[in-house]
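Keep in mind that what you see is a predicted model, and the values were worked out from it rather than measured. Below, chains carry the letters A, B, ... as their sequence lines are ordered, and counting in each starts from 1.
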Amino acid sequence: MYLALEDYSRPQSIEACLRLLQQPPQPAALLAGGTDLNVRGHEELRRVIDLQALAMTEIEALEGGVRIGAGSTLREIQEAPALQGAPHAALREAAAAFANVAIQNRSTIGGRIAVERPDQDLPPALAALGARLQIYRLINGVVEEQVIDYPLGDAARAVLRGALIRAVEIPAGVTRSALRRLGRTAVDRPLATVAAARAGEQVRIAANLQGPGAADLRRLSRSEALVTEWRGRLPENWRSRLRESLLAELNPYGDAFAGGEYRRDLSATLALRAVAAIHGEEETG
Amino acid sequence: MSTPIPPNWDTGADSLDRIDSYQVVGRNETRVDALKLAQGRGSFTDDIDLPGMLHLKMLWSPHAHARIRSIDTSAAEAMPGVVMVLHHGNVSRIPYTTAGQGHPEPSPYDQFIFPRKVRFVGDRVACVAAESAVQAARALAKIRVEYEVLEPVLDPHDALRPGAPVIHDEPEAFGLPDYDKAHNIAAAMHVEHGDVDAAFAEADLVLEREYSVPYQHHATAEPHIAITWLDEDQRLVVRVATQVPFHSRRILARILDFPLHRIRVVKPRVGGGFGGKQEILLEDLPALVTLRSGRPARLCLTRAEELASSRTRHPQILSWKTGVMRDGTLVAQELRVLANTGAYGAHALTVQTCTAGKTLPLYKARAYRFDMKTVYTNLPVAGAFRGYGGPQGFVAMECHMDEVAEKLGLDPLEFRRRNLIGPGHDNALAQALGEGKEGPPQRIRSCAIQECIDRGKAAIGWDRRDRLRSTGPIRRGIGMSCLMHGSGIPGVDMGSAHVKLNEDGSFNLHVGATDIGTGSDTILSQIAAETLAVPLEKVVIYSSDTDHTPFDTGAYASSTTFVSGAAVKKACEGVARQLREAAAEMWRVEGDPCTPEDLHLERGAVRRPDGRSLSYGEICLSTFYTHDQHQIMDHGSHMTFECPPPFAAHFAEVEVDTETGAIRVLRYVAAVDCGVPIHPQSCEGQTEGGVCTSLGYALSEDFIFNDAGRLLNDTYEDYKIPTALDVPEFETILVRSYEPAGPYGAKSVSEIPTDGPGPTIANAVAHALGIRFRSLPLTPEKVRKAWLKKEEARQRETEA
Amino acid sequence: MKIHLLVNGEPREWECEVHEFLTEALRRHGLVGTKRGCEDGACGACAVLLDGREVPSCIVLAAQADGHEITTIEGLGDPRHVHPIQAAFVAATAVQCGFCTPGMVVATKELLDHNPTPSAADARRRLAGHYCRCTGQIKPIQAVLDAAERVKGAQT
């Protein structure tokens with residue numbers, strides 16, 4: 001495939017990036033690692049605005065949580081000291097599951113969020129961790145900062161399209177998280193992914209592939225409520241009760257690579273395992 | 001069919017002790033090309049850039065089945081940099097097959113450089129040549145094609161339906177007598193040996209089961225590529241990633257209508273072939289552009305084009321029927337195959353005859369029946385793929401053997417042992433199947449299958465089999481299979497070599513055999529060095545170039561070591577004789593005569609019994625400049641009617657997650673009898689590579705189409721081959737035997753490993769779950785669904 | 001557009017197209033050890049080090065590499081100076097067709113730079129981004145482990 005790019009620029013400020021995004025030649029796109037640049041659908045792209053000069057690669061533990069610069073690569077996320085503990089296991093596992101190490105060296109967390117694909121591992125991890133996005137956009141020619149919650153609603157998604165993701169904030173409070181996924185080989189996009197996290201007694205569970213396109217990511221709120229009710233002590237019959245709740249709530253789509261029914265069943269199993277993991281329970285059974 | 005071993009029949013058993021005296025053969029020499037490749041020094045087709053080179057891009061059919069009503073290329077031709085656009089309206093129309101086989105090919109002549117009717121999504125429509133690849137790619141969008149869309153045939157059963165659309169309705173296409181294009185039959189065969197119906201009638205148990213195997217893509221590291229130019233004598237030079245330079249030259253001359261002697265095909269290093277580069281897939285187009293423009297031209301496929309438009313393994317539906325006595329003695333075997341060759345019939349006959357020929361003869365039976373149809377569909381084109389029908393056939397046979405053993409309550413391994421062939425066995429079935437015609441008689445000489453079983457069984461821990469975990473969500477199982485393959489195509493494959501002596505006692509070895517990563521440059525050099533009693537570095541090998549190396553059929557059919565290796569040995573034996581004669585002559589002139597027969601070669605010199613010697617360098621200088629002046633050189637050609645099978649026993653231990661359906665292969669043991677391994681590490685490498693290719697066949701590789709026949713998984717993101725994380729812990733066991741018909745006792749090793757993983761893993765999964773899967777790949781979804789069904793049935797039973 | 005790079009330690013100024021990927025730019029300048037395999041970053045044949053990190057050069061625009069340091073396979077050894085990683089791949093017969101080998105060698109270089117004593121699991125994880133149909137990965141895994149020993153030996 002050959003891109004039709006005519007313009008490449010590497011601005012030094014967020015404002016310059018956002019302005020260039022609106023200038024000809026169009027269509028234009030922000031360029032982070034570039035791992036999703038040379039793909040179908042980008043044949044018409046004329047302008048790319050490379051974000052590398054903005055750096056945005058900090059990964060720091062702050063009082064309210066961890067702040068991850070949007071330009072942090074998936075490799076850096078796996079290795080960052082601030083993300084080594086049990087609370088961030090789901091994030092590390094999602095980063096490690098994407099493609100191969102060389103791509104993880106390029107692909108950034110901001111880029112992965114901006115790429116709206118249903119078959120990604122990172123979105124469930126971020127949703128379970130209760131992530132927020134710090135974004136910038138131009139409103140009437142003025143750069144404005146905004147913080148939006150993850151998963152994105154339709155409105156937030158629309159906002160994000162003309163915006164620059166500056167950082168991902170993972171709030172403090174999560175004590176454990178886990179991500180379970182399955183691909184056809186060890187290096188594959190997922191057939192399904194589920195992430196779970198515990199913040200005190202509050203449990204969050206998120207699954208991907210729950211609908212076509214960008215709206216695929218879902219928090220499984222009824223199942224979350226059920227597990228939260230158990231207050232960290234899983235009852236004897238928890239597996240069957242949770243599975244029943246999950247199956248009622250999950251509604252993944254089927255495609256040529258896996259049927260919807262199988263994905264529902266698989267997602268439920270992965271959710272059970274992720275929930276078991278964050279409770280220190282045996283995962284299979 | 002089995003006859004006792006006649007007296008004086010050489011099974012090679014006595015020759016095994018010769019192996020230890022070899023100096024170069026049997027040792028892990030540094031491969032002659034390894035360092036340059038590890039350093040990335042330019043060696044491959046695409047590693048040159050020629051001034052003024054044109055770049056070609058293809059327009060492929062978007063329809064599975066359509067007639068081209070018109071093509072308008074004027075807008076494309078007006079695009080910047082575009083030099084020409086080729087399509088069916090401006091090239092010649094000569095029927096041929098891309099199969100890249102010997103002459104006359106047993107595959108139907110059903111292709112043209114460009115078809116008037118496209119027959120699969122990805123078929124050739126047009127080709128743009130431009131100053132740059134980007135310009136060529138951009139011009140593609142400007143070609144206006146009007147199609148009359150036809151009903152496609154997307155299922156092999158549908159191809160045989162009365163009234164099905166006829167895929168090859170062009171009058172020019174023709175094939176062997178069984179070719180029946182009016183009914184979409186690209187090849188057919190029916191063979192019986194013995195009284196099949198009587199044998200089935202006598203059997204205590206008759207079991208028949210149907211199996212199916214999917215598409216598989218070669219996934220060579222290097223895509224198909226060709227670069228062509230005219231040399232200073234206006235001859236056409238074709239630098240191409242091919243397994244078959246001589247077939248390429250012959251076929252190009254015919255379809256381009258250009259004199260063969262004015263074509264030179266050069267094979268540089270090739271980045272993997274596995275049968276995919278046996279096809280004459282693309283070199284005709286840059287060649288045409290070069291002939292018309294006088295300029296160098298390059299065509300290289302992208303990965304998506306490779307997946308959709310190159311070649312694949314034939315998908316098959318196999319019905320296997322076995323008649324067996326209660327004590328486990330096989331009496332009759334019947335195999336019926338329905339194969340899908342896609343839009344064109346490359347290897348349509350011979351892959352399928354090998355499905356029978358590599359499998360059925362492994363077990364003794366009184367009677368055999370084989371019935372096969374290969375049909376056209378409007379799907380991607382099948383062709384040669386490492387294993388060549390074997391991987392398909394062994395899935396059916398070796399799963400079936402487990403099923404029969406289970407029915408009889410026998411250990412699957414002991415059941416096989418009872419029926420396996422051995423040394424002295426006549427392989428009458430292989431003779432009957434032949435290669436497009438009846439083949440020569442075949443008798444097994446070297447055969448160490450029983451030892452392969454013994455050693456593989458110990459290595460996997462077969463005796464643990466009954467104690468593996470059979471409760472809980474994670475189950476384990478162990479499975480095995482027995483395998484055989486061939487060494488070259490008997491009576492067809494021919495290789496040749498040329499050797500000459502240099503002043504420093506080194507030799508130039510020129511071979512037509514094509515190293516495509518197989519290691520044949522090293523192995524053939526080892527055979528030469530052993531025969532000429534020199535270290536490996538004294539052999540300078542060159543392969544292969546139709547101007548400068550002698551003929552070879554090419555790198556396919558597991559032939560290179562066995563056939564081309566024997567040619568090298570013959571050529572070197574001739575040179576060795578000449579060296580002795582020249583030395584004797586030198587000593588005669590010095591007044592100290594001796595007879596050549598008393599002389600022997602050792603450490604780079606011709607030696608007399610008393611220890612005096614003349615180095616090859618001294619002999620060369622004398623024969624060049626001083627006395628009896630001539631070039632010491634010889635050539636050898638080799639063709640044989642023998643086709644000694646290598647044998648193997650494969651074992652796998654798997655873990656199945658019944659909650660997700662995921663299968664993990666924990667450990668794999670491949671015990672192989674390939675005769676004398678000329679380069680043991682290379683034999684291991686062939687085994688490991690072949691097994692891992694079929695690991696993907698067993699678990700994750702398949703073509704997924706939409707309702708219109710378009711391939712949906714045409715990227716590596718979606719077409720999943722096993723990675724280093726999927727490959728199990730591995731043990732290769734080279735079981736020694738000596739094959740009298742092979743050079744230094746060698747048989748083939750390259751294809752047999754691909755035969756094993758399909759059935760071995762399916763058998764291990766059946767052991768783990770108590771569920772028999774009869775179709776590959778064993779995807780998590782397939783496994784989980786079957787498990788749920790089994791659990792439901794069990795629950796219903798408990799409730800009842 | 002003009003880009004400035006440090007390629008195998010040498011400063012370079014190259015004229016590139018905006019849409020050109022780094023693989024093409026390198027090959028156009030004679031560095032043909034970096035291979036075109038799949039053009040979507042999956043197969044690993046085009047791996048180079050960018051500021052010391054392994055990247056698939058087929059998905060990096062040449063323009064993105066402007067101002068950075070690139071190491072290709074040609075920077076890791078030559079006929080007279082065989083890199084210990086290359087020696088390990090040769091010794092293990094981990095080189096079959098050899099098309100994927102330069103990428104594997106480059107990957108091993110980065111692995112060992114950051115982790116001088118890799119486990120077999122580390123080697124597998126790193127090679128998982130390098131598709132190879134010839135070897136089945138068994139000998140390359142051994143080669144990576146052997147390379148670690150050789151690199152250590154070369155440094156002491």
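Salt bridge status for D46(B) with R36(C): present, with a side-chain N to carboxylate O gap under 4.0 Å. Ion pairing of K139(C) with E684(B) is present here, as a side-chain N (NZ or NE/NH1/NH2) and a carboxylate O approach within less than 4.0 Å. Residues D47(B) and K35(C) are paired through a salt bridge, judged by an N-O separation under 4.0 Å between the basic side chain and the carboxylate. With respect to R124(C) and D726(B), no salt bridge is recorded, no charged nitrogen being found less than 4.0 Å from a carboxylate O.
Contact of A92(C) with chain B is made through the backbone alone, with heavy-atom distances under 4.5 Å. Residue A87(C): no heavy atom, backbone or side chain, is found under 4.5 Å from chain B. Using a 4.5 Å cut-off between heavy atoms, Y716(B) touches chain C through backbone and side chain atoms alike. The part of P722(B) that comes within reach of chain C is its side chain, from C-beta onward, which places non-hydrogen atoms under 4.5 angstrom from that chain. With a threshold of 4.5 angstrom between heavy atoms, T693(B) approaches chain C through its backbone and through its side chain. Neither the backbone nor the side chain of L76(C) comes within less than 4.5 Å of any heavy atom in chain B. I516(B) touches chain C through its backbone: at least one of N, CA, C or O sits under 4.5 Å from a heavy atom, while the side chain does not. Using a 4.5 Å cut-off between heavy atoms, V727(B) touches chain C through backbone and side chain atoms alike. Contact annotation for V82(C): both backbone and side-chain heavy atoms come within less than 4.5 Å of a heavy atom of chain B. In this structure, chain B has a heavy atom under 4.5 Å from the side chain of H19(C), while its backbone stays farther away.
Each of T687(B), V134(B), N28(B), L37(B) has some count of heavy-atom pairs under 4.5 Å with chain C, and the biggest count is that of L37(B). By number of non-hydrogen pairs under 4.5 angstrom with chain C, the leading residue of G272(B), A219(B), C692(B) is A219(B). Among Q137(C), E39(C), Q96(C), E74(C), the residue with the largest count of heavy-atom pairs under 4.5 Å with chain B is Q96(C). Most heavy-atom pairs under 4.5 Å with chain B, from the set P140(C), P79(C), G103(C): that is P79(C). Residue with the most contacts toward chain B among A120(C), G33(C), C97(C): C97(C) (heavy-atom pairs, distance under 4.5 Å). In terms of heavy-atom pairs under 4.5 angstrom with chain B, the leader among A42(C), A123(C), A128(C) is A128(C). Heavy-atom pairs under 4.5 Å with chain C were tallied for H218(B), K36(B), E306(B); the largest tally goes to H218(B). Interface summary for chain C: among G696(B), G517(B), G273(B), the most heavy-atom pairs under 4.5 angstrom belong to G517(B). Among G685(B), G271(B), S43(B), G42(B), the residue making the largest number of heavy-atom pairs under 4.5 Å with chain C is G685(B). Taking chain B as the reference chain and counting heavy-atom pairs below 4.5 Å, the highest number among T135(C), T101(C), I85(C) is found for T135(C).
Considering every non-hydrogen atom in both A38(B) and V90(C), the closest pair reads CB-CG2, 4.2 Å. When every heavy atom of A221(B) is checked against every heavy atom of F99(C), the shortest pair comes out as O-CE2, 3.4 Å. Residue F44(B) comes nearest to G98(C) through the heavy atom pair CZ-C, 3.9 Å, listed as atom of the first residue, atom of the second, then distance. Closest approach of P223(B) to G37(C), counting heavy atoms only: CG-O, 4.1 Å.
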What's the verdict on salt bridge (charged side-chain N to carboxylate O under 4.0 Å, His left out) for E701(B) and R133(C), showing C-alpha distance, side-chain angles and the deciding distance? CA-CA 13 Å; E701(B) 296 182 41; R133(C) 271 294 212 209; 2.6 Å; yes

Verdict with reasoning, R27(C) to D49(B), per side-chain contact (heavy atoms from CB on, under 4.5 Å): CA-CA 9 Å; R27(C) 291 185 60 85; D49(B) 193 9; over 6 Å; no

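Counting only heavy atoms from C-beta outward, the side chains of T723(B) and L127(C) never approach each other to under 4.5 Å.
Between the CD1 atom in I138(C) and the OH atom in Y668(B) there is a gap of 12.0 Å [rounded to 0.5 Å]. Expressed to the nearest 0.5 Å, how far CD of Q686(B) lies from OG1 of T93(C) amounts to 11.5 Å. Taking CD of E222(B) as the start and SG of C43(C) as the end, the distance is 11.5 Å to the nearest 0.5 Å. The SG atom of C38(C) sits 10.0 Å away from atom CG of L307(B), with the distance rounded to the nearest 0.5 Å. If you take CZ on R31(B) and CZ on F89(C), they are separated by 14.0 Å, rounding to the nearest 0.5 Å. Taking CG of D40(C) as the start and CZ of R303(B) as the end, the distance is 9.5 Å to the nearest 0.5 Å.
Other residues, nucleotides and ligands contribute more than 12 heavy atoms inside 6.0 Å of the CZ atom of R53(C).
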